[in-house]
Structures are given as structure tokens and as C-alpha cells.
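Here the structure comes first, spelled out in C-alpha cells, and everything after it is commentary.
Computed from a predicted structure; not experimentally measured.
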Amino acid sequence: MPRELLLQVTPEIASNEMLLRDYLSKQIKVSANEIQHVAILKRSIDARQKAIKINLKVSIYLKGEPFQEHKIELPDYKNVSSAQEVIVVGAGPAGLFAALQLVELGLKPIVIERGKDVRARRRDLKAINRDHIVDEDSNYCFGEGGAGTYSDGKLYTRSKKRGDVTRILELLVAFGATGDILVDAHPHIGTNKLPQIIQDIREKIIECGGQVLFETRLTDILIKNNEVQGIVTQNGDTILANKLILATGHSARDIFELLDKKKVLIEAKPFALGVRAEHPQSLIDSIQYSCDYRGEHLPPAPYSIVKQVNGRGMYSFCMCPGGVIAPCATSPGEVVTNGWSPSKRDQATANSGIVIELKLEDFKPFAKFGALAGMEFQKSIEQKAWHLAGQTQKVPAQRMVDFTQNKVSSSIPKTSYVPGTTSVEMGQVFPGFLSQILREGFTEFGKSMRGYLTNEAILHAPESRTSSPVRIPRDGISYEHLQIKGLYPCGEGAGYAGGIISAAIDGEKCALKIAEALKN
């Protein structure tokens with residue numbers, strides 16, 4: 001039987017197979033030559049002390065002990081070309097994993113996606129970065145793979161209670177992701193590698209008889225006697241089916257407006273909003289690793305920080321070590337920031353959303369919009385930022401210390417945000433209470449992370465698409481909408497997920513609920 005060990009080793013030992021074998025041989029008192037194989041089961045970094053350690057959970061196989069490499073394979077997907085059809089709106093993680101699960105269950109998904117396929121999206125991302133042109137259907141938020149594909153591909157989730165995280169990770173590995181995502185405490189695929197995986201998922205859906213329709217935007221849901229009958233697309237085409245998974249993401253404002261117009265029950269939902277802060281990665285490394293140079297065996301350091309300021313949570317969100325800031329507007333006349341990292345996380349800067357929890361009462365100035373009040377609050381800040389920065393995709397920017405002192409920065413250095421920045425006093429972008437919390441919060445952050453509060457750090461505004469400003473209510477058991485039979489609100493856009501993994505889990509759950517309903 002293999003021996004399982006929990007151990008702490010230096011970064012050098014953890015990254016070198018021969019050194020790790022020598023270390024383990026001493027721990028279990030056998031010759032290193034007797035060790036046939038070392039399987040790393042879990043890996044994390046412990047940077048709490050000056051001497052940084054790597055936590056490992058390993059299985060050690062000695063010579064003569066049976067060892068077989070565990071090969072992760074795809075499920076036995078059925079051919080569903082003649083099966084009952086289910087419409088899936090949105091080809092983000094919720095929609096794609098819902099479609100895969102439907103195929104596995106013997107149902108035919110018809111996936112419609114307003115944006116382009118994962119490769120064709122790149123031209124539109126280039127246009128927003130270089131030419132400041134926003135395509136409302138193809139951008140960092142819309143298109144095959146959804147928002148996560150070109151804005152990071154982080155797989156870490158706290159949503160262990162929501163479902164089988166390992167199943168989703170193993171499916172990603174089966175579709176081409178590195179096995180490291182099954183081991184690392186904070187798994188990450190990277191924006192450069194995720195597109196191929198997304199493409200392979202789509203090809204599998206089609207190979208099994210499902211359909212995937214790009215540049216096909218939902219414009220109406222056909223409802224009769226409070227039951228879904230089908231949908232209408234922007235070309236006037238009708239697709240009929242009485243089961244509809246609505247997985248349109250947190251930025252599909254036209255869908256929220258459509259539901260509101262049709263008097264389909266939706267409700268305003270609190271979300272978080274703030275700025276994206278960029279530091280030199282070397283500075284974050286020195287703070288987190290307590291060293292001048294992290295060396296070749298440690299990855300670029302992340303950070304996570306939470307404070308209570310004036311009764312509000314202020315915290316880091318979607319932290320991207322060795323990453324860049326991206327323009328994530330979905331309509332002309334607004335600016336939005338987000339961050340991403342390539343798989344190697346080898347860029348010179350680190351960035352993170354620094355956001356504040358909002359409350360429903362904050363949306364009172366927009367009460368006339370009813371359930372869309374939070375969305376209109378969000379939109380107003382994005383539009384104000386666009387005006388202040390010069391009515392292009394440049395964003396308002398300010399040095400961090402200058403912001404805490406209400407002082408316009410005399411200069412803004414070139415940052416990773418390609419469209420560029422405009423020096424603005426950030427207090428003009430946000431309502432007064434938010435600006436005050438941010439100022440006090442950064443001062444508190446600086447006390448916890450010595451060196452974090454610095455004018456080397458540049459704030460970009462706004463970071464506003466942290467989660468959906470709307471919830472589409474559904475039954476907790478059937479997952480059907482509370483009012484419309486056959487409508488299954490799903491993923492981030494409906495308010496039931498917060499990232500790639502939790503969205504994929506929610507997509508699978510909705511597919512399973514549909515299969516259960518069809519059996520009864």
C-alpha cells in the first residue's frame with residue numbers, strides 16, 4: 001500500500017523531483033532508489049513565516065507496490081441528435097457545462113450565444129484595446145467561454161457546498177487542462193490556455209448531436225400560460241422547446257430588461273463595486289514573501305485582504321498576480337475594468353479588484369427602475385467614469401496615496417491597461433460614501449500589508465462587474481423560475497454563482513433538474 005504523508009518543504013525541494021525523493025527517503029527511512037513514484041495530491045504555499053514553506057500531501061509508492069497512473073477520461077457521452085431538445089442561452093461555463101450534462105443525460109442541447117466563437121472574439125478584444133471600439137455582442141464579457149475565458153481562468157472557489165468541484169476540475173483536465181489544477185490550492189488555467197479547452201468542449205457537444213449557434217442573440221422568450229414555449233432571436237428566428245436554461249452572465253442587461261418588460265419576476269441584488277489596484281509584482285512579492293527577490297522556485301505572490309470600514313466589507317477580489325488590467329465594457333459610453341493573468345503569470349504587475357459591499361438601500365436614487373435599480377446604479381458609475389476619462393476606453397486613474405489625500409495625481413505612469421488612463425480625482429467617480437470608505441480602507445490595508453499603501457500603486461476605475469445586480473428567483477428544489485414553468489435561471493447572471501467553477505456546477509445542476517422533471 002502507498003504511504004501518504006503531509007509535509008512542509010522548501011520551495012526548491014518542492015519544485016525538484018530528485019530533491020523531493022531524497023527528502024522523502026529520509027522521512028520514511030528507505031533508499032531513494034526504492035521509491036518507484038511520488039504522487040503529489042495537494043500543494044499550497046505557507047508564507048506566514050520568513051522562511052517560506054510549501055505544504056504537500058503525497059503518496060509514496062515503493063518498488064514492488066502496484067502503481068498505475070490515473071488517467072482521467074471523459075464520460076460516455078451519448079448521441080443526442082434525435083433526443084428531446086433543451087435550449088441553453090449563453091456559452092459561458094454555466095451554459096457549456098449544462099450542455100455537456102444534458103448530452104450525458106441523453107438530451108439535446110441547443111446552445112445559443114450572442115457573441116462569436118472563442119477564436120473570433122480576439123479581433124473584437126483587439127478593437128476595444130487598440131481602437132476603443134466596443135462591440136456590444138463580442139467583448140471580454142460576451143462570446144464563447146464567457147467572461148472568464150479572456151479575463152483570467154481562475155478556478156479557485158469557496159463554493160464547496162454547492163456541488164462537486166472535483167468533477168468539474170476533472171472534466172477540464174479531460175478536455176486538456178494540466179493536472180496541476182487538481183493539486184494546487186488555488187488552481188488557475190490562464191487566459192492563454194483556456195480558449196483551446198473551450199473550443200474542445202464545444203466540438204464535443206456538436207460531435208454528440210447538440211447544436212451551438214454563435215452570433216445568435218435572444219430577443220424574446222415565448223411564454224404561454226406561464227410556461228416556456230421557445231425563444232426568438234435577433235434575426236426573427238424561432239426556436240421551440242419547453243425547457244430553457246438561461247445562463248446569460250452578469251452583464252447581459254438587455255436580458256434583465258426583457259424579463260422586466262415581460263413582467264417575469266426578478267429582483268434587485270446587492271453586489272460589490274470599487275476600483276482595480278495595480279502594483280509592481282516585485283513589491284507584492286517583497287510584502288508577501290518578506291524578501292527582496294522571490295527566487296525561481298516561488299510563483300508570483302497573490303494577496304487576499306478583508307477589512308470592515310464604516311460597517312461595510314472592503315476586500316480584494318479576483319487578484320491577478322503577474323497579470324494585466326483589461327477593458328470590459330459591454331456598451332459604448334461606459335468603461336469597466338477587470339484583470340487577468342496568463343498561465344505563467346509572468347507580467348511585471350499585479351492587480352486586484354478592491355471593492356466594497358453595497359446594500360439595497362444604496363440604490364434608492366434609482367428606485368423608479370424597480371428591480372433594475374442596482375443595474376442602473378452600476379451603469380451610472382460606468383458612464384460617469386467614461387465621461388471623466390475623455391469618452392474613450394481610457395479609464396480614470398489615480399495614485400493610491402494621492403487618492404487617500406484627495407489629491408489629483410500630477411502624473412500617471414504607463415500601466416498594463418492598454419487603452420490608457422486619464423488622471424482624475426477618483427472621488428468624482430463614486431458617490432461620496434463609497435469614496436470615503438475606499439480612502440479609509442486603503443489606509444487600513446496599508447497597516448496590515450506594510451508597503452501596500454504607496455504611490456507606486458495606480459487605481460483604475462471602476463471595478464463594477466463583480467457579480468450580477470439582479471437575481472432571477474427560482475425554486476430551491478426544482479430550480480425552475482418561481483413564476484414561469486420550464487425556465488431555469490442559471491449561473492452568475494441569475495445570481496447563483498460567482499466564478500467559473502461555481503457557474504459550471506450550477507449549469508450541471510440545472511441540467512440534472514430538467515432531466516428529473518422530464519422523467520416525471
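Side-chain N or O atoms of R345 include none that pairs as donor or acceptor with a backbone N or O of G323 at under 3.5 Å. With hydrogens and angles ignored, the 3.5 Å screen pairs a side-chain donor or acceptor of Y496 with a backbone N or O of R474. A donor-acceptor pair under 3.5 Å is absent between the side-chain atoms of K224 and the main chain of Q229, judged by distance alone. Between the side chain of T216 and the backbone N or O of F214, at least one donor-acceptor pair lies under 3.5 Å. No donor-acceptor pair closer than 3.5 Å links the side chain of D124 to the backbone N or O of N139. In terms of modelled atom types and a separation under 3.5 Å, the side chain of E144 and the main chain of G115 share no donor-acceptor contact. In terms of modelled atom types and a separation under 3.5 Å, the side chain of Q234 and the main chain of R217 share a donor-acceptor contact. A donor-acceptor pair is defined here as one N or O able to donate and one able to accept, closer than 3.5 Å; no such pair exists between the side chain of N225 and the backbone of E227. Judged by distance alone, with hydrogens and angles left aside, the side-chain atoms of R439 form a donor-acceptor pair with the main-chain N or O of F403 at under 3.5 Å. In terms of modelled atom types and a separation under 3.5 Å, the side chain of S423 and the main chain of S409 share a donor-acceptor contact.
To the nearest 0.5 Å, atoms CD (Q428) and NZ (K384) are separated by 9.0 Å. The CG atom of D117 lies 8.5 Å from the CD atom of E215; values are rounded to the nearest 0.5 Å. Considering CG of L487 and CD1 of I87, their distance stands at 11.0 Å, rounded to 0.5 Å. Considering CD1 of I201 and CG of L194, their distance stands at 8.0 Å, rounded to 0.5 Å. One finds the CD1 atom of I72 at 4.5 Å from the CG atom of L182 (value rounded to the nearest 0.5 Å). Between the SG atom of C490 and the CD1 atom of I472 there is a distance of 10.0 Å, given to the nearest 0.5 Å.
At a cut-off of 3.5 Å, with distance as the only test, no side-chain donor of H188 or S341 sits close to an acceptor on the other residue. Between the side chains of N235 and T233, not a single donor N or O lies within less than 3.5 Å of an accepting N or O. In the model, E278 has a side-chain atom that pairs as donor or acceptor with a side-chain atom of S416 under 3.5 Å. At a cut-off of 3.5 Å, with distance as the only test, no side-chain donor of Q393 or R130 sits close to an acceptor on the other residue.
The ring pair (Phe, Tyr, Trp, His ring centres under 6.0 Å) test applied to H279 returns Y452, not counting sequence neighbours. Taking D135 as the reference, nothing meets the salt bridge (Lys or Arg N to Asp or Glu O under 4.0 Å) condition, with sequence neighbours excluded. Every residue two or more places apart in sequence or in another chain that forms a salt bridge (Lys or Arg N to Asp or Glu O under 4.0 Å) with R114 is listed here: D137, D254. For F175, the ring pair (Phe, Tyr, Trp, His ring centres under 6.0 Å) criterion is met by no residue, not counting sequence neighbours.
Closest heavy-atom contact between T330 and C141: CG2-CB, 3.6 Å. Across every non-hydrogen atom of G274 and V355, the tightest pair is N-CG1, 3.7 Å. Looking at every heavy atom in both residues, V228 comes nearest to A241 through CG1-O, 3.6 Å. Counting all heavy atoms, side chain and backbone alike, V134 lies closest to S331 at CG1-N, 3.6 Å. Looking at every heavy atom in both residues, Y140 comes nearest to L125 through N-CD2, 3.5 Å. Between M426 and P396, the shortest heavy-atom distance links the atoms CE-O, 3.9 Å.
Other residues, nucleotides and ligands place more than 12 heavy atoms under 6.0 Å from the NZ atom of K262. No more than 12 heavy atoms of other residues, nucleotides or ligands lie within 6.0 Å of NZ in K263, so this atom counts as exposed by the packing criterion. The number of heavy atoms from other shown groups lying within 6.0 Å of CZ (R122) is above 12.
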Practice item. Output, in order, the C-alpha distance, side-chain angles, deciding distance and verdict of side-chain contact (heavy atoms from CB on, under 4.5 Å) for S468 and K269. Key: CA-CA 7 Å; S468 177; K269 182 180 80 63; 4.1 Å; yes
Exercise for review: Apply side-chain contact (heavy atoms from CB on, under 4.5 Å) to the pair K414 and I458, showing each step before the final yes or no.
Suggested key: CA-CA 10 Å; K414 184 174 171 45; I458 309 301; over 6 Å; no
Review point. Between Y77 and L100, is a side-chain contact (heavy atoms from CB on, under 4.5 Å) present by the stated rule, with each step listed?
Key: CA-CA 8 Å; Y77 292 119; L100 279 175; 3.8 Å; yes
Review point. Can you check side-chain contact (heavy atoms from CB on, under 4.5 Å) on T219 and L258, steps first, answer last?
Key: CA-CA 8 Å; T219 56; L258 171 66; over 6 Å; no
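For F363 and F271, the ring centers are positioned less than 6.0 Å apart.
The pair E113-R202 does not meet the salt-bridge criterion, since no charged nitrogen lies less than 4.0 angstrom from a carboxylate oxygen. Between E376 and K379 there is a salt bridge, since a side-chain N of the basic residue sits under 4.0 Å from a carboxylate O of the acidic one. Ion pairing between a basic and an acidic side chain is recognised when a charged N comes within 4.0 Å of a carboxylate O; E516 and K243 show no such pairing. Checked for salt-bridge contact, R312 and D362 meet the test: a charged N lies under 4.0 Å from a carboxylate O. Of the charged side-chain nitrogens involved, at least one lies within less than 4.0 Å of a carboxylate oxygen, so that E207 and K204 count as a salt-bridged pair.
Put simply, the residue from L155, I501, I500, I181 that forms a side-chain contact (heavy atoms from CB on, under 4.5 Å) with I168 is I501. Just one of T337, T415, T421 meets the side chain to side chain donor-acceptor pair (under 3.5 Å) condition when paired with H460; it is T415.
Residues I239 and L213 have side chains in contact (heavy-atom distance under 4.5 Å, counting atoms from C-beta outward). Using a 4.5 Å heavy-atom threshold, the side chains of R121 and S138 count as touching. Contact check for Y417 versus N351: no side-chain heavy atoms found under the 4.5 Å cut-off. For the pair Y479 and L512, the minimum side-chain heavy-atom distance is 4.5 Å or more. For the pair M375 and F369, the minimum side-chain heavy-atom distance is 4.5 Å or more. Residues P469 and F377 are not in side-chain contact: their nearest non-hydrogen atoms beyond the backbone lie 4.5 Å or more apart. Residues E203 and D200 meet the side-chain proximity criterion, which asks for heavy atoms closer than 4.5 Å. Within the 4.5 Å cutoff, no side-chain heavy atoms of V80 are placed close to those of L102.
Sorted by first and then second residue, the salt bridge (charged side-chain N to carboxylate O under 4.0 Å, His left out) pairs with a member in residues 75-88 read E85-K108; sequence neighbours excluded.
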Show me, pair by pair, the donor-acceptor contacts under 3.5 angstrom made by side chains of residues 244-252, not counting sequence neighbours?
from	atom 1	to	atom 2	distance (Å)
H250	NE2	R465	O	3.2
S251	OG	R465	NH1	2.7

